[in-house]
Amino acid sequence: MKRSLEKEFEKLIVKIKGYNADELDVKFLKKVWKFSKLAHSGQKRLSGDPYVLHELETAKNLANWKLDIKTIAAGLLHDVVEDGAATNEDIIDNFGEEVTGLVSGVTKVSNVKLRGKKEEEFVENLRKMFLAMAKDLRVVLVKLADRLHNMQTLSYVAEEKQERIAKETLEVFAPLVERLGMGEVKAELDDLAFPYVYPAEYEKVKEKSQVHYKKADLRIKKMKRTLLKKLSDQAIKAKIDTRKKHLYSLWKKLERPGVNWNFERIYDIGALRILVDTVSQCYAALGIVHQCYKLVPHIGVSDFIAQPKPNGYQSIHTIVFSPGQKIIEVQIRTYTMHEQAEFGMAAHWAYSQAKSKGVKDELLARGISVDKDKLAWVKQLTEWQKVITDSEEFLKAVKFDTLSRRIFVFSPKGDVYDLPSGATPIDFAYAVHTGLGKYVKSAKVNEKISPLSKKLESGDVVEVIKGKSPKKPSSRWLDFVVTLQAKHSIAKQLRRLDS
Ligand code: MN
């Protein structure tokens with residue numbers, strides 16, 4: 001299939017116009033596009049498509065997640081150094097530091113080969129990836145947009161490589177995407193990887209589920225008509241999406257001991273989602289659903305609007321009897337919550353960027369550079385680290401000792417420090433800078449004054465309060481510090497000041 005490259009590029013521009021017309025600089029993006037085409041001239045993908053189409057599809061994925069122009073430019077350029085004929089200097093000269101930083105961040109993350117020869121290598125590599133990602137959320141979003149297109153074109157890749165790539169997607173990228181709250185993207189990655197990693201199981205669930213999908217579809221369409229009428233009777237403007245459960249998550253559920261391939265036990269093989277403008281309309285819609293269909297006792301309503309999930313997910317879920325006494329799930333949320341649920345951190349990032357531009361300038365003018373968004377992101381990352389170190393599946397596959405014996409802590413600016421577990425604010429001070437140790441007066445952990453011997457935990461934000469002049473470190477510190485760096489520096493400073 002030959003597609004006109006220019007027409008495809010036009011589609012990208014139209015997409016951006018749809019959400020970010022203000023920032024859209026067509027001339028700039030055309031220049032980026034031209035540069036990318038030149039850098040990849042003559043190169044083809046395994047599909048036979050011009051290589052540059054992969055850069056373009058990556059950028060389109062980023063535009064679907066409503067990201068800013070610099071990130072989209074980085075998407076268009078993410079392979080020009082690694083696989084094309086351009087250098088980092090070329091990108092700096094043409095497009096500036098910010099875009100270059102994003103592109104080289106993506107290259108760094110891509111060069112981390114997750115599956116090393118030895119288990120320790122895998123763990124070490126995963127750690128490197130965390131640190132590279134923590135510097136800028138947008139780096140990982142470009143990497144994910146890239147991975148998504150690579151998965152969409154996986155059928156062209158040599159067979160012996162397919163399984164490895166798909167497995168890495170299922171085990172590393174999909175859980176990461178889930179932690180970022182990007183539910184739709186996670187489901188898409190899962191379903192793309194599923195047939196390559198578990199081919200027989202994929203065929204089985206595909207075949208067995210067909211008839212159940214069909215039946216569910218009929219019930220749902222009926223409910224949709226009824227609910228739309230009732231909602232409009234109450235003057236509630238609503239949209240109702242119907243959806244099928246994704247194949248991979250259906251399979252996971254069917255395999256559960258309590259379900260054991262009994263489709264009657266799957267309540268969300270098809271579901272309805274009611275979208276409204278405001279939170280109070282959500283609750284009004286909930287009332288209407290319960291008037292029309294009887295609530296299933298005991299498993300009924302979950303209100304994630306009043307109590308959002310840890311990754312920020314908000315929605316009301318209710319499980320009711322549909323016509324024909326089949327159990328079915330209805331979700332109710334606002335359009336804003338919906339965007340957040342589908343694109344998670346990406347949506348959050350795009351939104352807070354747009355909203356806080358003015359505020360940020362003002363803070364910068366006052367010399368304050370605390371970047372709240374960045375902190376939110378690194379916290380998410382720490383959460384994810386906890387999940388994978390807790391996850392049995394992972395622990396079975398690799399020995400996660402090394403990773404679980406490390407903690408990530410943050411400076412108030414959001415810089416990440418990787419320390420052994422048991423590290424204290426003093427270890428942190430010496431990790432930031434060996435000279436800082438002499439100035440330690442006290443320390444704050446998560447904005448509260450804390451003992452200098454406190455054992456830090458992953459995700460802590462640590463701040464060293466400096467005294468006016470350098471002091472001799474306390475010899476007591478040697479009793480509790482754990483890093484070699486702190487031990488050596490303290491001993492050295494004590495010796496020097498003793499003589
Ligand atoms: Mn790529």
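Every number for a ligand or one of its atoms is a count from 1 in the order of the listing.
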Subject >> Nearest-0.5 Å distance, CD of residue Glu55 to CG of residue Asp146 >> reply: 8.5 Å
Original post:
For the atom pair OG (Ser302) and CD1 (Ile316), what is the distance rounded to the nearest 0.5 Å?
Top reply: 10.0 Å
Original post:
Is there an N/O/S atom in Asp146 that lies less than 2.8 Å from the Mn ion (ligand 1)?
Top reply: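 Yes, within the cut-off.
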Subject >> Metal site the Mn ion (ligand 1): N/O/S of His54 inside 2.8 Å >> reply: yes
Subject >> Proximal heteroatom of Asp79 relative to the Mn ion (ligand 1) (N/O/S) >> reply: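 Nearest N/O/S atom: OD2.
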Subject >> Single hit among Asp268, Ile266, Asp191 for side-chain contact (heavy atoms from CB on, under 4.5 Å) with Leu250 >> reply: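 That would be Ile266; it is the only one of Asp268, Ile266, Asp191 passing the side-chain contact (heavy atoms from CB on, under 4.5 Å) with Leu250.
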Subject >> Ring-face cation of Lys244 near Tyr213 (centre distance under 6.0 Å, axis angle within 45°) >> reply: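 Yes - Lys244 lies over the ring of Tyr213, closer than 6.0 Å to its centre and within 45° of its axis.
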